[in-house]
Amino acid sequence: MCGRFTLTPDSGAVEAEFGVSLPDGYRPRFNIAPSQEVLAVVRDAARGEDRAGWLRWGLVPHWAKDPAIGNRMINARAEGLATKPAFRSAFRERRCLIVADGFYEWARVPGEKRKQPYWIHRHDHRPFALAGLWERWGRGDEELVSCVIVTTEPTEVVRPIHDRMPLVLSVEDRERWLDPEADAGTLAGISRRADGEALQARAVSTVVNSPAVDGPECVEPLD
DNA sequence: CCAGACGTTGTT
DNA sequence: GTCTGG
DNA sequence: CCAGACGTTGTT
DNA sequence: GTCTGG
């Protein structure tokens, strides 16, 4: 699955990769956890351009009575996007890119209780896009704009570590995912497999386990 | 009809 | 054990 | 995902 | 809001 990720490059590298200007408050992050603000790119149909902004991680559907439901809606299985009541409308109308340069997965250590965290990132350390959906909930002061990260089968590099991973989009699929006119077949094709081409995994310290720790020590190789 | 869920992961 | 919060 | 709480009353 | 279950 995907319950923690990183966005460590400086703002210039992110702007260059995605061709957008970043919102206020950008800083490199080494341990982004659910319920926190994540950087996302959405297509602004009115302006005919893509925009980057902050979304709260943990989808709160517009019909939710209690926004705390978002604490549990952090991932959406790609296989169910078109049919699950909680995701269906967002899948049709509100797809987005979640900007990351790596994500964490915890592997069970055979015969032990503890789990070993791994940081999965690109060889070239470029930032990339995770497939996401977003929603608006509430109005006025209460308004909450939230998102969920789509998960799928692991690629070769991730398979030994975990049985799910976020849907990493190729550069070409970013455009298809954001296209409001995208047809169901195209989206299903994209959802089937993450782009694992450039990914590698490194074991890291369990300091990353605590969401309160958000420094470079989270991604340091364990050696 | 109304009531109640609406989700994923991991673990058993 | 299960839920909430980060 | 993991960490940490999990409760009420009354008194300060 | 919309679907499923009773």
Side-chain angles (χ1 to χ4, degrees), chain A residues 1-8 25 27-39 54-94 98 100-121 130-139 143-154 158-168 191 194 201-215 217-219 222:
Chain A
M1 69 156 333
C2 179
R4 250 23 117 66
F5 67 95
T6 61
L7 182 55
T8 71
R27 66 189 165 96
R29 293 291 309 276
F30 296 86
N31 196 0
I32 301 168
S35 81
Q36 298 178 348
E37 302 286 307
V38 304
L39 184 69
W54 301 111
L55 300 177
R56 184 186 162 98
W57 184 11
L59 195 79
V60 182
H62 66 100
W63 42 257
K65 290 188 192 76
D66 180 1
I69 192 175
N71 292 331
R72 298 187 296 284
M73 309 271 262
I74 66 171
N75 292 143
R77 295 175 69 91
E79 310 89 290
L81 297 181
T83 53
K84 301 280 186 184
F87 303 132
R88 215 170 69 140
S89 67
F91 178 53
R92 265 190 269 110
E93 297 160 34
R94 289 176 302 280
I98 312 285
D101 78 325
F103 55 91
Y104 297 101
E105 297 291 353
W106 279 258
R108 284 213 153 278
V109 182
E112 284 184 52
K113 202 168 200 177
R114 88 191 180 87
K115 291 189 198 170
Q116 175 59 54
Y118 288 82
W119 184 49
I120 295 129
H121 60 97
L130 307 179
L133 311 176
W134 65 278
E135 282 267 14
R136 280 182 204 285
W137 178 89
R139 24 185 83 248
E143 182 173 83
L144 186 62
V145 189
S146 62
C147 66
V148 66
I149 294 176
V150 177
T151 63
T152 189
E153 303 265 299
V158 178
R159 192 165 298 118
I161 300 169
H162 203 70
D163 63 352
R164 300 294 294 179
M165 69 179 278
L167 180 54
V168 176
S191 299
R202 72 160 64 146
V204 295
S205 158
T206 54
V207 294
V208 74
N209 288 8
S210 172
V213 179
D214 185 21
E217 63 269 37
C218 292
V219 299
L222 200 55

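Because the structure is a prediction, the values reported are computed rather than measured. Order of the sequence lines sets the chain letters (A, B, ...), proteins ahead of strands, with each chain counted from 1.
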**Prompt:** When all nucleic acid strands are considered with a 4.0 Å heavy-atom cut-off, which category describes A/F5: base, sugar-phosphate, or nothing?
**Reply:**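 Contact class for A/F5: none.
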
**Request:** Identify whether any heavy atom of A/T151 sits under 4.0 Å from a base atom; if not, whether one sits that close to sugar-phosphate; answer base, sugar-phosphate or nothing.
**Result:**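 Sugar-phosphate contact only - A/T151 comes under 4.0 Å of backbone atoms but never of a base.
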
Distance in angstrom units between [X] [atom1] and [N] [atom2], rounded:
X: A/M73; N: D/dC1; atom1: CE; atom2: P; answer: 16 Å
X: A/E93; N: E/dG1; atom1: CD; atom2: P; answer: 14 Å
X: A/N209; N: C/dG6; atom1: CG; atom2: C1'; answer: 13 Å
X: A/R114; N: D/dC2; atom1: CZ; atom2: P; answer: 13 Å
X: A/F30; N: D/dC1; atom1: CZ; atom2: P; answer: 24 Å
X: A/D214; N: D/dC2; atom1: CG; atom2: P; answer: 17 Å
X: A/F103; N: B/dT9; atom1: CZ; atom2: P; answer: 13 Å
X: A/R56; N: C/dG5; atom1: CZ; atom2: P; answer: 9 Å

**Asked** Hey, are the side chains of A/R164 and A/E153 touching, using non-hydrogen atoms and a 4.5 Å cut-off?
**Response** yes

**Prompt:** Just by modelled atom types, is the A/A33 backbone N or O under 3.5 Å from a matching donor or acceptor in the A/Q36 side chain?
**Reply:** yes

**Message:** I need the single residue from A/I120, A/I161, A/V204, A/I32 that forms a side chain to side chain contact (heavy atoms under 4.5 Å, CB included) with A/Y104. Which is it?
**Reply:**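 Testing each of A/I120, A/I161, A/V204, A/I32 against A/Y104, the sole residue satisfying side chain to side chain contact (heavy atoms under 4.5 Å, CB included) is A/V204.
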
Report yes if at least one side-chain N or O of [X] is closer than 4.0 Å to OP1 or OP2 of [N]; otherwise report no.
X: A/R72; N: C/dT4; result: yes
X: A/N71; N: C/dT4; result: no
X: A/K84; N: B/dT8; result: yes

Using atom [atom1] of each nucleotide, how far apart are [N] and [M] to the nearest Å?
N: D/dA5; M: B/dC6; atom1: C1'; answer: 26 Å
N: D/dC1; M: B/dG7; atom1: C1'; answer: 15 Å
N: E/dC3; M: B/dT9; atom1: P; answer: 24 Å
N: B/dA3; M: C/dG5; atom1: C1'; answer: 30 Å
N: D/dC2; M: B/dT12; atom1: P; answer: 14 Å

**Prompt:** Does the side chain of A/D101 pick up a donor-acceptor pair with the side chain of A/T6 at under 3.5 Å?
**Reply:** yes

**Message:** Can you see whether A/R77 engages A/T151 through a side-chain donor-acceptor pair at a distance of less than 3.5 angstrom?
**Reply:** no

Which of these nucleotides, [options], is closest to any side-chain atom of [X]?
X: A/P34; options: C/dG5, D/dC2, D/dC1; result: D/dC1
X: A/R4; options: D/dC2, E/dT2, B/dT8; result: D/dC2
X: A/P85; options: D/dC2, B/dG7, E/dT2; result: B/dG7
X: A/I74; options: B/dT8, D/dC1, D/dC2; result: D/dC1
X: A/R164; options: B/dT9, C/dT4, D/dA3; result: B/dT9
X: A/N75; options: B/dT9, D/dC2, E/dC3; result: B/dT9
X: A/K115; options: D/dC1, E/dG1, C/dG5; result: D/dC1

**Request:** Counting Watson-Crick and G-U wobble pairs only, both distances under 3.5 Å, name the nucleotide matched with C/dG5, or none.
**Result:** D/dC2

**Asked** With stacking defined as ring centroids separated by under 5.5 Å and planes differing by under 30°, is A/W63 stacked against B/dC6?
**Response**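 Stack criterion met.
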
**Item:** Pair A/D214 + A/R27, salt bridge at N-O below 4.0 Å
**Value:**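 Salt bridge present between A/D214 and A/R27.
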
**Request:** Decide if the gap between the ring center of A/W57 and the ring center of A/F5 is smaller than 6.0 angstrom.
**Result:** yes

